[in-house]
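All values below come from the heavy atoms of this structure, side chains included, with hydrogens, waters and symmetry mates left out. Quick caveat: nothing in here was measured; it's all calculated off a predicted structure.
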Amino acid sequence: MKDTFFAARTGLAFGTFAVLAWAAPARATPEEDAELQKKLSNPVADIVTIPLQLNINFDSGPYEKTQYTLNVQPVFPVKLGDSGWSLINRVILPILSNPATAPGQERKNGIGDVLYQGFLSPAPHGLIWGVGPALQLKTASNDRLGSGKWAAGPTAVALKQEGPWSVGTLATQIWSFAGSDDRADVNQLQLQPILSYSLSPTHSIAYSGIVIANWDQPSSQRWLVPLGATYSILTRPGGGNPINYVFGGGYNVVRPDDAARWALKLQVNFVLPK
C-alpha cells in the first residue's frame, strides 16, 4: 500500500508538470533550442539546472520488491574571474524508499548520503572536459539508507559534441575515510556513459544508466551494468524558463544478487536564469 501511495503521488507530480509544459507555447528559435539541448547533455555546461530524477527499481532486494530513489541534483557553475575556467558544482541529494531486507522489517523512507562533485573546466574548445573532487557525506537519516561512511575521491568528465551527437563519460571513484567502524568500507567506481543523439531541436534519445563497481565485493557481486535508453523533450512553458522532460528505462544485464532487474526513469530538469 505504501509502495502504491508513493508511486501515485510521484506520478501525479510528474504528470502535472508535463501537462503544463505541453499546454504552453514555445517562444524560442530552433537554433536556441538545439544549443540548449546540447548543453543539457553536457555535465559541465555553463547553465544552472535543477534536475529531479525519479528512479523506480523493480525486483530489488532479497524479497524482490520495488525500490524508489528521487535524486535532487542542482548544478551551479561559477566563473573563475577572467581565466576562462569555471567550477561546476553538482550536488546529488537522494530521497529513498527502500524495501525490507530481513524478516520483520518494514519499508524505510528518508534521506540518503549526499554526493558533491566539483569540476574545474576550461572554456570548451573541441574536447569538453572537467576534473575535480567528489565528496560523499554521511547524511542518511537511517542506517538502511546510507553507507554509514564519509568518502572522497576524484571525479572527471570528458565529452565530444559533433552535429547531433554527444559522446563521452563521467567517472567518479570514492574511498571511505571516516564513519561507523561497524559498517563496510566504501571503495566504489561510478561510470556514467554519455551517448545522446538529437532527433530535432527539442527531442533527443540517449543511453541511460550508471555502471557501478564495488571493488571490495567478490567478483560475482562486484559489477552493476545497466542497458537502457531515454527519450527527452525540451519545452518552454509560457515562453519562460525551459523545462526538459526525460522518460526511459532499462535492464541490468550484470548485477549483484540483490540488485534490481528492471528500472524506470522519469526526470524533470528545470533550467534557471543565471
Inset, instruction - Look only at the side chain of N252 and the backbone of V254, and say whether a donor-acceptor pair between them is shorter than 3.5 Å. - result: no
Inset, instruction - Could you walk me through whether L40 and L234 pass the side chain to side chain contact (heavy atoms under 4.5 Å, CB included) test, one step at a time? - result: CA-CA 10 Å; L40 289 168; L234 177 62; 4.0 Å; yes
Inset, instruction - Examine distances only and state if a side-chain atom of S180 and a backbone atom of R183 form a donor-acceptor pair shorter than 3.5 Å. - result: no
Inset, instruction - Apply side chain to side chain contact (heavy atoms under 4.5 Å, CB included) to F177 and V186, showing your working. - result: CA-CA 8 Å; F177 61 87; V186 175; over 6 Å; no
Inset, instruction - Look at R222 together with D216 and state whether they make a salt bridge at an N to O cut-off of under 4.0 Å. - result: no
Compile the donor-acceptor pairs under 3.5 Å between side chains in residues 116-133 and protein atoms, sequence neighbours left out, one pair per line.
| from | atom 1 | to | atom 2 | distance (Å) |
| --- | --- | --- | --- | --- |
| Y116 | OH | N89 | OD1 | 2.6 |
| Q117 | OE1 | R90 | NH1 | 3.0 |
| Q117 | NE2 | T172 | OG1 | 2.8 |
| S121 | OG | W129 | O | 2.7 |

Inset, instruction - Anything under 30° is parallel, anything over 60° is perpendicular, the rest tilted; go ahead and classify W215 against W223. - result: perpendicular
Inset, instruction - Check for a donor-acceptor pair, side chain of S83 on one end and backbone N or O of W85 on the other, with a separation under 3.5 Å. - result: yes
Inset, instruction - Measure the spacing between CG of L264 and CZ of F58 and express it to the nearest 0.5 Å. - result: 5.5 Å
Legend entry - Donor-acceptor contact present, side-chain Q105 to main-chain A102, <3.5 Å: yes
Inset, instruction - Determine whether V225 and L227 fall in the same hydrophobic cluster, where Ile, Leu, Val, Met, Phe, Trp and Tyr are linked whenever their side-chain heavy atoms lie under 4.5 Å apart. - result: yes
Inset, instruction - Check whether the side chains of Q190 and Q188 place a donor and an acceptor atom closer than 3.5 Å, and report yes or no. - result: yes
Legend entry - Distance in Å, D182 CG paired with D143 CG, rounded so as to fall on 0.5 Å steps: 7.5 Å
Inset, instruction - Go through T202 and D33 one step at a time and tell me if the side chain to side chain donor-acceptor pair (under 3.5 Å) criterion holds. - result: CA-CA 6 Å; T202 56; D33 282 339; 5.7 Å; no
Legend entry - S232 and N244: side chain donor to acceptor below 3.5 Å: yes
Inset, instruction - List the atom of T155, the atom of A134, and the distance in Å for their closest heavy-atom pair. - result: CB-CB, 4.1 Å
Inset, instruction - Could you tell me the separation between the OG1 atom of T69 and the CD1 atom of I95, rounded to the nearest 0.5 Å? - result: 10.0 Å
Inset, instruction - Scan for side-chain hydrogen bond (donor to acceptor under 3.5 Å, both in side chains) pairs involving residues 34-45, sequence neighbours excluded, and state none if there are none. - result: Q37-S198, Q37-S204, S41-S196
Inset, instruction - Identify the two heavy atoms, one from L224 and one from R255, that lie closest to each other, and give their separation to 0.1 Å. - result: CD1-CB, 3.8 Å
Inset, instruction - Supply the atom-to-atom distance L145 CG to I111 CD1, rounded to the nearest 0.5 angstrom. - result: 9.0 Å
Legend entry - Closest approach of A152 to L135 (non-hydrogen atoms, all atoms of both residues): CB-CD1, 4.1 Å
Legend entry - side chain to side chain contact (heavy atoms under 4.5 Å, CB included) assessment of I243 paired with N269: CA-CA 6 Å; I243 301 178; N269 192 351; over 6 Å; no
Inset, instruction - Please name the pair of heavy atoms, one in A260 and one in N57, separated by the smallest distance, quoted to 0.1 Å. - result: CB-CB, 3.5 Å
Legend entry - Donor on one side chain, acceptor on other, S147 and D113, under 3.5 Å: yes
Inset, instruction - Using atom types as modelled and distance alone, determine if a side-chain donor or acceptor of T139 lies under 3.5 Å from a backbone N or O of G112. - result: yes
Inset, instruction - Give a yes or no on whether F247 and Y207 share a hydrophobic cluster (residues Ile, Leu, Val, Met, Phe, Trp, Tyr; joining criterion: side-chain heavy atoms under 4.5 Å apart). - result: yes
Legend entry - Spatial distance of atom CD1 (I47) from atom CG (L36) [nearest 0.5 Å]: 5.5 Å
Legend entry - Positive for side chain to side chain donor-acceptor pair (under 3.5 Å) with N98, one of K108, Q67, R107: Q67
Inset, instruction - Can you see which heavy atom on D46 is nearest to which on P77, and at what distance? - result: OD1-CG, 3.5 Å
Legend entry - Side-chain heavy-atom pair N55, Y68 within 4.5 angstrom cut-off: no
Legend entry - Heavy-atom pair of closest approach, residues V157 and I194: CG2-CD1, 4.1 Å
Legend entry - Any donor-acceptor N or O pair under 3.5 Å, side chains Q173, N187: yes
Legend entry - Flag side-chain contact, heavy atom, 4.5 Å: Q73 against L93: no
